[in-house]
Amino acid sequence: MRWSQIFIPTLRDDPADAEAISHKLMLRAGLVRQLAAGVYSKLPLGFRASRKVEAIVREEMERIGAQEFHLPVLHPGELWKESGRWFDIGDEMFRLKDRRQGDYCLGMTHEEVFTAIARDELRSYRQLPQIWFQIQTKFRDEARPKSGVLRGREFVMKDSYTFDVDFAGLDVAFDKHAEAYRRIFARCGVRALAVQAASGAMGGSESVEFMSVSDAGEDWTVTCASCDYAANLEKATSVVSSVDDPREEPGDIEKFSTPGIRTIEALAAFDENASAQRQIKTLVYSVDDQVTLFLLRGDHTLNEVKLAEATGVANFRAATAEECREALGALPGSLGAAGIAELPIYADDALKGRRGMVTGANEDDFHLRNVSVERDLDKLQWASLREVVAGDRCVHCGNELAVQRTIELGHIFKLGLRYSEAMKLTVLNDQGREVPVVMGSYGIGIERLLAAVIESYHDDNGIVWPWSVAPFHIVVTPISLKNADAMQKAEGIYHELQKDYEVLFDDRDERPGVKFKDADLVGVPLRIVVGPKGLEKGVVELFERASQQKEDIPLDRVFDEVRACAARLAEVEPR
RNA sequence: CGGGGCGUGGCUCAGCUUGGUAGAGCACCUGGUUCGGGAUCAGGGGGUCGCAGGUUCGAAUCCUGCCGCCCCGACCA
């Protein structure tokens with residue numbers, strides 16, 4: 001491709017509204033342009049890179065026996081009402097009406113449509129398992145699109161769905177996907193951590209996210225340096241640091257006056273025996289309109305995703321001060337669970353076995369001491385509620401945990417029967433009995449993966465594409481269009497290399513500096529500079545983008561050298 | 001949805017406090033000199049200052065409302 005004939009509008013300055021590195025570079029290198037918040041047009045270079053990623057995804061999906069579909073993006077509301085999600089999902093779904101006032105929506109994911117096809121067509125366990133996938137645009141009206149293509153409202157996703165007769169089959173399908181995902185990310189040059197994740201409103205039993213460590217990410221991932229434990233912060237657990245409790249069961253609960261004390265810190269400062277670790281933090285939420293208490297150690301923080309997992313309810317909010325007073329008789333700051341029998345109470349694991357604790361007395365300006373969790377609190381439901389912090393200990397090996405920002409590249413779910421039951425997708429099993437099909441669903445965000453690649457592969461001069469997803473492998477740069485000899489040699493090299501590689505020929509009438517800057521910005525892995533200086537000695541310059549190494553190559557060795565470089569560059573360790 | 005910021009040629013920004021003929025650099029067009037890491041000189045084209053209303057003799061500038069975009073948080077099948 002001649003540079004003069006491909007549209008690559010590079011930008012000299014950083015765009016004003018871009019913050020994330022990948023966002024800046026995608027704009028500057030002329031990969032994308034923004035149309036609206038979270039909506040981007042792919043320009044030729046961006047589209048090429050995107051298709052490279054898609055090709056890898058396609059190959060690896062086909063390797064595990066997946067079949068490619070292409071489903072509509074316009075969905076009848078009816079289908080989503082069947083699964084119930086029409087009502088569960090709020091403003092994040094783009095909804096519209098047709099001319100007859102019928103409900104429609106734009107697909108934010110495709111469980112419903114794939115399940116409907118399966119329901120219409122699958123009758124027997126003999127037709128299973130099936131692995132179906134597509135690479136299709138999704139629409140989600142995100143409350144806050146951000147970081148360019150990292151979180152858009154319209155984006156391309158590879159989504160796949162598996163159908164099995166039983167849960168053992170689902171496990172197989174799930175593992176196949178995990179393996180395919182590992183290969184996909186590795187081939188794109190990205191080191192992806194497989195981490196335990198919360199399933200959220202998706203339902204289902206188990207889910208794993210694939211994360212790339214990056215400051216541009218929005219998720220927090222907990223990892224253990226010594227074993228392979230890794231989990232989303234929303235799911236992560238840790239060993240509780242030990243606390244010096246009294247050996248003996250303390251005396252009876254004792255109420256004491258704490259005038260004006262409203263916070264954990266204030267109480268710790270007020271009473272030397274009430275350090276944060278020795279307090280029970282009582283949080284009150286309205287969970288599906290039911291006032292519910294959540295107990296944590298004073299120095300721990302509640303993670304609301306864990307709250308949702310523990311209660312199985314997505315509809316919750318912190319209770320108002322007034323609701324607290326009504327239910328417990330006191331305002332926040334003096335709340336406690338002692339003597340409360342009629343409200344559901346969830347307690348974090350870290351409170352197990354604790355004694356001699358301090359907590360609110362449900363009377364303003366009073367607290368209780370000598371509270372023993374198991375002795376004095378009724379009907380506790382134990383759960384992991386607290387948020388892990390860096391430095392906590394790993395539950396598997398006891399070593400220190402780290403918390404890092406990560407980009408979620410993919411997410412795989414064991415859906416189980418959630419959709420097949422709701423939408424009546426059944427087959428006859430080998431006993432002739434009608435059974436619901438066991439499903440899984442699996443997604444990879446294509447543009448997000450591309451952005452993650454750039455987050456991992458760039459330097460001060462621009463993008464440094466890994467060979468596998470580079471929109472072009474090589475750029476042939478003649479120094480001057482006026483030098484006939486150089487132009488002719490450059491053309492020759494360009495034509496020859498094109499047989500095996502994707503090559504750009506920078507035939508623009510620009511000064512060399514401009515061409516070099518652009519080539520660097522755009523990130524072409526190899527550059528061959530053809531100029532009079534070199535040709536006098538019978539050489540051209542081979543420049544490797546990643547290492548910035550230049551080497552003079554005799555004209556007759558160009559193809560061999562390129563081949564060697566290409567082979568080496570194709571074998572990069574994921575980062 | 002809460003908080004903050006921004007909206008001025010294609011891009012990056014100045015001008016706004018204190019109202020008075022819309023600016024710079026880059027990009028673009030013409031010509032010259034240049035040509036191995038974003039050249040330079042001369043000339044030139046291009047802007048309803050986000051939109052609407054108001055105040056004023058006069059508004060990019062002050063006031064009100066709306067829209068859009070970015071950032072933090074909440075949210076995130």
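Residue numbers start from 1 in every chain, and the chains themselves are labelled A, B, ... in the order their sequence lines are given, proteins ahead of strands. Both backbone and side-chain heavy atoms feed into the values below; hydrogens, waters and symmetry mates do not.
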> Return the orientation label for the A:His75 and A:Trp80 ring planes: parallel under 30°, perpendicular over 60°, tilted otherwise.
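Answer is parallel, since the angle falls under 30°.
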> Measure all distances between protein nitrogen or oxygen atoms and nitrogen or oxygen atoms of nucleotides 71-75 of chain B, and list the pairs falling under 3.5 Å.
| from | atom 1 | to | atom 2 | distance (Å) |
| --- | --- | --- | --- | --- |
| B:C71 | OP1 | A:Ser147 | N | 3.3 |
| B:C72 | OP2 | A:Arg144 | NH1 | 3.1 |
| B:C72 | OP2 | A:Arg144 | NH2 | 2.8 |
| B:C72 | N4 | A:Arg144 | NE | 3.4 |
| B:G73 | N7 | A:Arg144 | NE | 3.4 |
| B:C75 | OP1 | A:Glu304 | OE1 | 3.0 |
| B:C75 | N4 | A:Arg151 | NH2 | 3.3 |

> Going 5' to 3' through nucleotides 38-43 of chain B, assign each nucleotide B (protein heavy atom under 4.0 Å from a base atom), S (under 4.0 Å only from sugar-phosphate atoms) or - (no protein heavy atom that close).
BB----
> Sequence neighbours left out, what passes side-chain hydrogen bond (donor to acceptor under 3.5 Å, both in side chains) with A:Gln488? Give chain and number order.
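By the side-chain hydrogen bond (donor to acceptor under 3.5 Å, both in side chains) rule, A:Gln488 matches no residue at all.
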> Expressed in angstrom and rounded to an integer, what is the separation of A:Leu27 atom CG from B:C11 atom P?
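So the two atoms are 12 Å apart, to the nearest Å.
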> Side-chain contact, heavy-atom cut-off 4.5 Å: A:Asp159 with A:Phe69?
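When only atoms from C-beta onward are counted, A:Phe69 and A:Asp159 do not touch, as no gap falls below 4.5 Å.
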> Starting at atom CG of A:Leu535, determine the distance to atom P of B:G36, rounded to an integer number of angstrom.
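Going from CG in A:Leu535 over to P in B:G36 covers 15 Å.
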> Using residues 519-540 of chain A as the side-chain source, report each donor-acceptor pair under 3.5 Å to any protein atom, sequence neighbours left out, with the distance given to one decimal.
| from | atom 1 | to | atom 2 | distance (Å) |
| --- | --- | --- | --- | --- |
| A:Asp520 | OD1 | A:Arg527 | NH1 | 3.2 |

> Would you check if the distance from the ring center of A:Tyr181 to the ring center of A:Tyr442 is below 6.0 Å?
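No, too far apart.
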> For A:Leu35 and B:C70, give me the distance from atom CG to atom P, rounded to whole Å.
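To the nearest whole Å, that distance equals 12 Å.
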> Flag the pair A:Glu112 / A:Glu82 as yes when at least one side-chain heavy-atom distance between them is below 4.5 Å, and no otherwise.
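No, side chains not in contact.
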> Touch check for A:Gly90, heavy atoms < 4.0 angstrom, all strands: base, sugar-phosphate only, or nothing?
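Answer is nothing: A:Gly90 stays at 4.0 Å or more from every strand.
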> Expressed as a whole number of angstroms, how long is the span from A:Phe7:CZ to B:G10:P?
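It is 15 Å, rounded to the nearest whole Å.
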> Distance check, C1' atoms only: B:C16 and B:G43, in whole angstrom units.
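Pairwise C1' distance, B:C16 against B:G43, rounds to 33 Å.
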> Give the rounded distance in Å between these two atoms: CG of A:Asp509 and C1' of B:C35.
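Nearest whole value for this atom pair: 10 Å.
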> Hunt down the Watson-Crick or G-U wobble partner of B:G37, both distances under 3.5 Å, from any strand shown, or write none.
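B:G37 is paired with nothing.
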> Return the set of residues passing side-chain hydrogen bond (donor to acceptor under 3.5 Å, both in side chains) with A:Arg144 (not counting sequence neighbours), or none when no residue passes.
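With sequence neighbours excluded, A:Arg144 shows a side-chain hydrogen bond (donor to acceptor under 3.5 Å, both in side chains) to no residue whatsoever.
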> Does B:G2 pair with anything, Watson-Crick or G-U wobble, both distances under 3.5 Å, and if so, with which nucleotide?
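Paired with B:C72.
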> Checking A:Arg508 now: which residues fulfil side chain to side chain contact (heavy atoms under 4.5 Å, CB included) with it, not counting sequence neighbours?
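Residues passing side chain to side chain contact (heavy atoms under 4.5 Å, CB included) with A:Arg508: A:Trp3, A:Ser4, A:Asp506, A:Glu510, A:Lys515, A:Asp518.
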> Let's test this: given Watson-Crick or G-U wobble pairing with both distances under 3.5 Å, identify the partner of B:A42.
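When the pairing criteria are applied, B:U30 turns out to be the nucleotide that pairs with B:A42.
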> Taking the same atom, C1', in B:G45 and in B:U33, what whole-Å distance lies between them?
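23 Å, rounded to whole Å.
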> Partner lookup for B:C13, please. Criteria are Watson-Crick or G-U wobble with both distances under 3.5 angstrom; report none if nothing qualifies.
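Across all strands, the one nucleotide that pairs with B:C13 is B:G23.
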> Say you pick atom C1' in B:G38 and the same atom in B:A27; how far apart are they, in whole Å?
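Roughly 12 Å separates the two C1' atoms.
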> Using purine N1 to pyrimidine N3 plus N6-O4 or O6-N4 for Watson-Crick, or N1-O2 and O6-N3 for G-U wobble, each under 3.5 Å, what pairs with B:G7?
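Per the H-bond distance test, B:C67.
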> May I have the list of side-chain donor-acceptor pairs in residues 449-456 of chain A shorter than 3.5 Å, sequence neighbours left out?
| from | atom 1 | to | atom 2 | distance (Å) |
| --- | --- | --- | --- | --- |
| A:Glu455 | OE2 | A:Ser22 | N | 2.9 |
| A:Glu455 | OE2 | A:Ser22 | OG | 2.7 |
| A:Ser456 | OG | A:Ala452 | O | 3.4 |

> Measure from CE on A:Met487 to P on B:C35 and round the result to the nearest Å.
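About 18 Å, once rounded to whole Å.
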> Would you indicate what A:Ile479 reaches in the nucleic acid, counting non-hydrogen atoms under 4.0 angstrom: base, sugar-phosphate, or nothing?
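The residue A:Ile479 makes base contact.
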> Return the set of residues passing side chain to side chain contact (heavy atoms under 4.5 Å, CB included) with A:Lys24 (not counting sequence neighbours), or none when no residue passes.
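Side chain to side chain contact (heavy atoms under 4.5 Å, CB included) list for A:Lys24, sorted by chain: A:Asp14, A:Ala18.
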> Describe the nucleic acid contact of A:Gln34 in one word from base, sugar-phosphate, nothing, applying a heavy-atom distance below 4.0 Å.
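Answer is sugar-phosphate: A:Gln34 comes under 4.0 Å of backbone atoms only.
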> With C1' as the reference atom in both, quote the distance from B:C29 to B:G9 in angstrom, rounded to an integer.
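Between the two C1' atoms, the distance is 15 Å.
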> Using atom CG of A:Leu150 as one end and atom P of B:C70 as the other, report the distance to the nearest whole Å.
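Interatomic distance, CG of A:Leu150 to P of B:C70: 13 Å.
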> Look at the side chain of A:Arg527 and the base of B:G37, then say whether one donor and one acceptor between them are separated by less than 3.5 Å.
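Yes, the side chain and the base share a sub-3.5 Å donor-acceptor pair.
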> Taking the nucleotide of RNA chain B with the nearest heavy atom to each, does A:Gln548 or A:Gly38 sit closer to the 5' end?
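The residue whose closest nucleotide sits nearer the 5' end is A:Gln548.
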> If I take atom CG in residue A:Asp141 and atom P in nucleotide B:C1, what distance separates them, rounded to the nearest angstrom?
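A:Asp141 atom CG is separated from B:C1 atom P by 10 Å.
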> Counting the atoms with a prime plus P, OP1 and OP2 as sugar-phosphate, which does A:Phe543 contact under 4.0 Å by heavy atoms, base, sugar-phosphate, or nothing?
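If one applies the 4.0 Å heavy-atom cut-off, A:Phe543 turns out to touch a base.
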> Reading RNA chain B from 5' onward, which residue's closest nucleotide shows up sooner: A:His411 or A:Val529?
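In this pair, the answer is A:Val529.
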> Just wondering, do A:Gln196 and A:Glu206 contact through their side chains at under 4.5 Å, heavy atoms?
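Not touching, per the 4.5 Å side-chain cut-off.
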> Could you work out the separation of B:U8 and B:G68 based on their C1' atoms and round it to a whole Å?
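Approximately 15 Å lies between the C1' atom of B:U8 and that of B:G68.
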> Which part of the nucleic acid does A:Pro9 contact within heavy-atom distance under 4.0 Å: base, sugar-phosphate only, or nothing?
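Nothing: the residue A:Pro9, judged by heavy atoms under 4.0 Å, touches no strand.
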> May I ask you to say what A:Asp88 touches in the nucleic acid, namely base, sugar-phosphate or nothing, with a heavy-atom cut-off under 4.0 Å?
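Touches nothing.
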> Can you check the distance between B:C63 and B:U55, where both ends of the measurement are the P atom (answer in whole Å)?
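Between the two P atoms, the distance is 15 Å.
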> Mind checking the P distance from B:G44 to B:G25? Whole angstroms is fine.
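The same atom, P, in both gives a distance of 14 Å.
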> Work out how far the P atom of B:A59 is from that of B:G53, and round it to whole angstrom.
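That atom pair is separated by 13 Å.
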> Going by the side chain to side chain donor-acceptor pair (under 3.5 Å) test, which pairs reach into residues 28-40 of chain A, not counting sequence neighbours?
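For residues 28-40 of chain A, and leaving out neighbouring residues, the side chain to side chain donor-acceptor pair (under 3.5 Å) pairs sorted by first residue read A:His23-A:Tyr40, A:Gln34-A:Tyr40.
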